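One structure is given below, encoded as structure tokens.
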Number of protein chains: 2
Amino acid sequence: MKHDKENIGVKEIARRANVSIATVDRVIHNRTGVSDKTRNKINAIIQELDYQPNILASRLASKKTIHLAMLIPSASDETQFWEAPLRGIRRAESEIRQYGIHIDMYFFDLNDKESFRKQARAILDQKVNGVLLSPTFVEETVEFIKSCNQQSIPYVFIDSTIPQQNNLSYIGPHLFQSGYLSAQLLTYGLKGPSHKLLIVNISKEVDNFNYPQIEAGFRSFFQDQGDSKAIIRIDIRQTGYASVREELSKALQQHPDVDALFVTNSRVSSVARFLASQSLHDKLLIGYDYLPDNIEYLKSGTIDFLICHKPEEQGYRGVMALYQTLVFSSSVEKEYFMPIDIVTRGNYEFYRN
Amino acid sequence: MKHDKENIGVKEIARRANVSIATVDRVIHNRTGVSDKTRNKINAIIQELDYQPNILASRLASKKTIHLAMLIPSASDETQFWEAPLRGIRRAESEIRQYGIHIDMYFFDLNDKESFRKQARAILDQKVNGVLLSPTFVEETVEFIKSCNQQSIPYVFIDSTIPQQNNLSYIGPHLFQSGYLSAQLLTYGLKGPSHKLLIVNISKEVDNFNYPQIEAGFRSFFQDQGDSKAIIRIDIRQTGYASVREELSKALQQHPDVDALFVTNSRVSSVARFLASQSLHDKLLIGYDYLPDNIEYLKSGTIDFLICHKPEEQGYRGVMALYQTLVFSSSVEKEYFMPIDIVTRGNYEFYRN
DNA sequence: CGAATTTACGGGTACGTACCCGAAACCCTT
DNA sequence: AAGGGTTTCGGGTACGTACCCGTAAATTCG
């Protein structure tokens, strides 16, 4: 341990500019009360010295607490998925809490648009400095972020996005490519030449924006290959197992020659359960997300691959993106695509969500 | 932004204990000069209040700079691999520089044990507070860390490890499982029943510890499957392309029925180059590391999969592990295994090394 | 042109912790 | 009991920045 630390600070700037520290401070924070002449002089010196403020001292001296709000679906039995982003958000908060950042947690019900609207309103009442949200319901989100824009509150989308919006950043998967990869993996595992594939879409809500991208990517792979496989799709609008079993059963009776199934979201364990119950072990199965149920079927070999987009990291990075802009005023990427991770029996043990 | 912040600090502790701030400070840092009675009283209050020191204020007030040293192979044309950990280390440094952490960078030549020894000595001369290193040369490393142990300098291994040592942490791959996964991927892609596999080990140094684990994992997969594939191995001790071409050519003449090749390190691009030159497009090829050359052959389809262990993150986490212990005195995991990432044509674009 | 504003700026304190320095209290000799 | 040494402790300043408050200078206005 040595006694280094010769960094220049406001004091040195003030000395060089023949002004007081307070004036330098005003310039740094673009506050009023400084003549253009002095302002320019000080800015020049700041430029020249490449002054970097000491965040420690800055946050320490600042009495302000930055309030962030987070609006994501509550994790239900049906979708444990959102536990992961929440973990990431919590981790981020515990890291930056000491820097005076506080995060208010708001949850909404995935099956209830009104709950989203209500929570969004609650956030706006709180006068927060930044928002991290999952724009699950497009219309409601647009309404919400209109208010954010008016009050210049930055907001970050995670997991899914709405294009052409003024969001500070989108942090989540590139869905098209994700579908593409799934197709590649299925193809790689299929023996023999001609095949029939089944896309299984299990979801209550009809998703007009996100889901189609996955399917487009999936189909695009085969187009690129000049390979015209038979691809059929079923939509299951009731997420309970009974419904999944029934619909799958029907579909597989109609197409007994299906070689591989691609489930477009995390409900792949339901499909796996069905396949296992029917002893259909030879069919390839790919789905989404590192969830306990899915992992079980991965271990037992019913699910061949899970595609993951690091949900925990999405939450973490989302918070950090807001932190970066609000505290350091540093810019963040407008689109930060998560890696498209392949989880399988051989590597699930070490996967970091 | 509100005016929160009601956290208790040393001041409050001092008030409750009827002592001065300085005495509380002595207790917190286990310095001498405090009677057992006062020490106990203060410690009790600290416990009771669950006092968390304010890192900002702490680092700000401390005039000390923590000096870390890093000792990794220099990135050469032959192995660009080490650029990635270096990036991670640099990223970590830039994040914690303002907290008074400084990292001295030492590089050694992968083909020269003496350079390792020399640099190690240089580090010891500098009286550093912590070391991050790649224990490439076992004997030399053991010698080095003996001194570290004597001076109680914590050290972290990245990328590879030496078992049964007093290292603070190992951050890197679980090689056995990594080989296992490779086997799984190859099997998944092989059409038809019976196959012949070729393990290609290209390396100047004979590695007695790390490499065997990969091969053991690889073979273990087939044992688990009850699948006795023919597995042959060649060792290429000259890393230049000419040598690789010659040896591979020989091996494939002898075993023209090889279906798949597994290259046990990042030199897979040499093998890919050979296969491409011979138009052997139908053979599966798996190797290691997200390097530009490898990615090219991944794109062109010669390489089917690359296995990666997030080298950049290894560097980053290695630094952070030292930072955590030295600044926060918090414990870190003795073994932190990196995820075993699968990179392929469909997802390489979004891979984060 | 003097008074009332407004604008421009400096002094000084606070944030929570680290650590120097000096003083009081205690202990042991002779 | 006096002297010297050691242990225990408190006062006070510093770290670099934020921001309050007061004042001098510049500007506006009647």
Side-chain angles (χ1 to χ4, degrees), chain A residues 1-43 46 49 51-66 97-101 326-329, chain B residues 1-43 46 49 51-66 97-101 326-329:
Chain A
M1 309 216 188
K2 282 180 192 169
H3 317 63
D4 282 325
K5 195 168 290 182
E6 9 53 26
N7 293 339
I8 38 90
V10 283
K11 201 189 295 182
E12 174 66 10
I13 297 174
R15 200 187 57 76
R16 297 206 191 197
N18 270 324
V19 295
S20 73
I21 292 181
T23 302
V24 175
D25 186 69
R26 289 187 187 93
V27 172
I28 288 174
H29 297 89
N30 319 298
R31 274 190 279 257
T32 57
V34 185
S35 69
D36 285 352
K37 209 181 68 181
T38 358
R39 184 178 295 276
N40 290 334
K41 182 163 58 167
I42 293 176
N43 271 327
I46 288 179
L49 264 52
Y51 165 71
Q52 302 290 105
N54 184 321
I55 313 295
L56 273 70
S58 171
R59 293 303 308 163
L60 177 62
S62 172
K63 293 150 170 48
K64 290 176 185 159
T65 297
I66 293 181
R97 183 172 26 217
Q98 50 194 172
Y99 305 150
I101 317 289
L326 289 171
V327 174
F328 302 88
S329 315
Chain B
M1 310 215 188
K2 283 181 192 167
H3 318 65
D4 283 324
K5 195 169 288 182
E6 9 52 27
N7 293 341
I8 39 91
V10 282
K11 200 188 295 179
E12 173 67 9
I13 296 174
R15 199 184 58 76
R16 297 205 189 199
N18 270 324
V19 296
S20 74
I21 293 181
T23 302
V24 175
D25 186 68
R26 288 186 187 94
V27 173
I28 289 175
H29 296 88
N30 333 290
R31 274 190 279 257
T32 58
V34 184
S35 68
D36 285 353
K37 209 181 66 178
T38 357
R39 184 179 296 276
N40 290 334
K41 183 163 60 169
I42 293 176
N43 271 325
I46 289 178
L49 265 52
Y51 165 70
Q52 300 290 107
N54 184 321
I55 315 294
L56 272 71
S58 171
R59 292 306 306 163
L60 178 62
S62 172
K63 293 149 170 50
K64 289 175 183 158
T65 298
I66 292 181
R97 182 172 28 215
Q98 52 194 172
Y99 306 150
I101 317 288
L326 289 170
V327 174
F328 303 88
S329 314

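Since this is a predicted model, take the numbers as computed values, not measurements.
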Give one of base, sugar-phosphate or nothing for B:N54, where a contact means two heavy atoms less than 4.0 Å apart.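 B:N54: backbone/sugar contact only, no base atoms under 4.0 Å.
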
Taking five pairs at each terminus, the helix from C:dC1-D:dG30 to C:dT30-D:dA1 shows an axis bend, to 10°, of 50°

Got a sec, which residues hit side-chain hydrogen bond (donor to acceptor under 3.5 Å, both in side chains) with [X], two or more places apart in sequence or on another chain?
| X | value |
| --- | --- |
| A:T38 | A:S35 |
| A:N54 | none |
| A:R16 | A:E12 |

Spell out protein contact along nucleotides 5-13 of chain D as letters: B when the base is contacted, S when just the sugar-phosphate is, - when no protein heavy atom is under 4.0 Å; keep the 5' to 3' order. ---BBBB--

Any side-chain heavy atom of B:I66 within less than 4.5 Å of one from B:Y99? no

May I have the distance from [X] (atom [atom1]) to [N] (atom [atom2]), rounded to whole angstrom?
| X | N | atom1 | atom2 | answer |
| --- | --- | --- | --- | --- |
| A:Q98 | C:dT17 | CD | P | 11 Å |
| A:I42 | D:dT17 | CD1 | P | 14 Å |
| A:I55 | C:dG16 | CD1 | P | 18 Å |
| B:Y51 | C:dA18 | OH | C1' | 11 Å |
| A:L60 | D:dG16 | CG | P | 12 Å |
| B:I8 | C:dT17 | CD1 | C1' | 13 Å |
| A:I13 | C:dC9 | CD1 | C1' | 17 Å |
| B:R31 | C:dA18 | CZ | P | 7 Å |

When you measure from the side chain of A:R31 to the backbone N and O of A:T23, does any donor-acceptor pair fall under 3.5 Å? no

Any donor and acceptor pair, going by atom type alone, linking the side chain of B:D25 with main-chain N or O of B:I21 inside 3.5 Å?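 No; zero donor-acceptor contacts below 3.5 Å.
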
Minimum heavy-atom distance between [X] and [Y], given as atom pair plus value:
| X | Y | value |
| --- | --- | --- |
| B:V24 | B:V19 | CG2-CG2, 3.8 Å |
| A:R59 | A:K64 | NH2-O, 3.3 Å |
| B:I42 | B:A17 | CG1-CB, 4.0 Å |
| B:R39 | B:R26 | NH1-O, 4.4 Å |
| A:Q98 | B:I55 | NE2-CG1, 2.9 Å |

List every contact pair, protein side and nucleotides 23-26 of chain C side both N or O, where the distance is under 3.5 Å.
none

Closest to the B:H29 side chain, choosing from C:dA18, C:dC19, C:dG16: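 Closest of the options to the side chain of B:H29: C:dA18.
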
Whether A:K37 contacts C:dA8 is assessed here as follows: a side-chain N or O lying under 4.0 Å from the phosphate OP1 or OP2. Is that the case?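 No, no such contact exists.
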
